[in-house]
Amino acid sequence: MSTVKVVDHPMIQHKLSIMRDKNTGTKDFRELLDEIAMLMAYEVTRDLPLVDVEVETPITKMTAKMIQGPDIGIIPILRAGLGMVNGIQRLVPSAKIGHIGLYRDPETLEPVEYYCKLPSDAESRQLFVVDPMLATGGSAIDAVTLIKKKGCKNIRLVCLIAAPEGIEAFTKAHPDVNLYVAAVDEKLNDHGYIVPGLGDAGDRLYGTK
Ligand code: PRP
Ligand code: URA
């Protein structure tokens, strides 16, 4: 069964509250999402296995620790997921990036796929699928299904805000995928938007509305 980890560090809560404010503009919204993604990556990578390595400091030789692997892949769900890539990549500079293009049909709320390009060795990597919003869960469920069809197994989902409905649907569809969120909100409204949420993440990130 998947675990749901709420990464509610005070710095994350503070930055998220500014993002939620409807008066926060595109530049600040983009920078805050980037910063929160980096802070969340700290928690998402917490249990990566370490290996002993010999290091010579200016004083003496020692046995030190380094991350053993596996290598990391970051898979943003377009568009809004792109806003989380740089922050995570700052913490994991060697990560390769894949892209999955999905949008939610405004009438049916069903995800529609339009692009998928993963690193050639994606199946051997630890993958972080990123998207700020987990609303009905449809987009994240389809993205992970697509990645699994390409042979990938080690997958974690990283979101900013989740609705309880999305968490339930996602963990039911992918019980082997652990979920990291900064906040769990109250509910979905009739249009499938998270309440209180932050509105349309893609539009706020790119200034398209
Ligand atoms: C948003 C968001 C998620 C999806 C969440 O993307 O970034 O991908 O909706 O909703 P769901 O959990 O109900 O599927 P959107 O479809 O608006 O596309 P965009 O990022 O291109 O704006
Ligand atoms: N997509 C968003 O960008 N925001 C929501 O609240 C729900 C789906």
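Only heavy atoms go into these numbers, but all of them, side chains included; no hydrogens, no water, no symmetry mates. Both ligands and their constituent atoms are indexed starting at 1 by order of listing.
The option with the heavy atom closest to atom 13 (O) of ligand 1, from among Val130, Thr136, Leu134, is Thr136. Distances from atom 4 (N) of ligand 2 to the heavy atoms of Gly199, Ala201, Ala80, Gly166 put Gly199 nearest.
Looking at atom 14 (O) of ligand 1, its nearest protein heavy atom turns out to be Ser139 OG, 2.6 Å. The protein heavy-atom contact nearest to atom 17 (O) of ligand 1 is Asp200 OD2, 4.0 Å. With respect to atom 22 (O) of ligand 1, the closest heavy atom belonging to the protein is Arg79 NH2, 2.9 Å. Looking from atom 6 (O) of ligand 2 to the surrounding protein, the closest heavy atom is Ile194 N, 2.8 Å. Remark: minimum distance from atom 10 (O) of ligand 1 to any protein heavy atom is reached at Arg104 CD, 3.2 Å. If you check which protein heavy atom lies closest to atom 5 (C) of ligand 2, you get Tyr193 CD2, 3.3 Å.
For a threshold of 3.5 Å applied to N or O pairs, the pair formed by Ala135 and ligand 1 contains at least one separation below that value. For ligand 1, the polar-atom distance check against Ala80 finds a nitrogen or oxygen pair separated by under 3.5 Å. An N or O contact shorter than 3.5 Å is missing between Asp203 and ligand 1 by distance. The N/O atoms of Tyr103, backbone and side chain alike, include none that comes under 3.5 Å of an N/O atom in ligand 1.
Under a 4.0 angstrom heavy-atom cut-off, Arg104 registers as being in contact with ligand 2. The shortest heavy-atom distance from Gly137 to ligand 1 is under 4.0 Å. The shortest separation from a heavy atom of Asp131 to ligand 1 is under 4.0 Å, placing the residue in contact.
Thr208 and Arg79 share a donor-acceptor pair across their side chains, judged by distance under 3.5 Å alone.
Hydrophobic clustering, with ILVMFWY side chains joined whenever heavy atoms are under 4.5 angstrom apart, groups Leu39 together with Val85. Linking ILVMFWY residues whenever their side-chain heavy atoms come closer than 4.5 Å, directly or via other members, leaves Leu127 and Tyr180 in distinct clusters. At a threshold of 4.5 Å between side-chain heavy atoms, the hydrophobic network of Ile, Leu, Val, Met, Phe, Trp and Tyr places Val130 and Phe29 in one connected group.
Protein non-hydrogen atoms do not reach within 4.0 Å of atom 6 (O) of ligand 1. Atom 2 (C) of ligand 1 lies below 4.0 Å from at least one non-hydrogen atom of the protein.
At a threshold of 4.5 Å between non-hydrogen side-chain atoms, the residues Met38 and Ile88 do not count as touching. Residues Glu123 and Lys150 fail the side-chain proximity criterion, which asks for heavy atoms closer than 4.5 Å. Using a 4.5 Å heavy-atom cutoff, the side chains of Ile97 and Pro76 are in contact.
Counting the atoms of ligand 2 from 1 in the order shown, those under 4.0 Å from a heavy atom of Ala135 are 7 (C), 8 (C). Heavy-atom proximity to Gly192, at under 4.0 Å, picks out these atoms of ligand 2: 7 (C).
Side chain of Gln13 to main chain of Asp8: a donor-acceptor pair is present (N/O by atom type, distance under 3.5 Å, no hydrogens or angles).
Around the CE atom of Met1, the shell of radius 6.0 Å holds more than 12 heavy atoms that belong to other residues, nucleotides or ligands. In Lys148, the NZ atom is crowded: over 12 heavy atoms of neighbouring residues, nucleotides or ligands sit closer than 6.0 Å.
Of the candidates Glu110, Glu165, Arg104, Thr136 forms a side chain to side chain contact (heavy atoms under 4.5 Å, CB included) with just one, namely Arg104. Of the residues Asp34, Leu160, Ile36, the one that meets the side chain to side chain contact (heavy atoms under 4.5 Å, CB included) test with Lys15 is Ile36.
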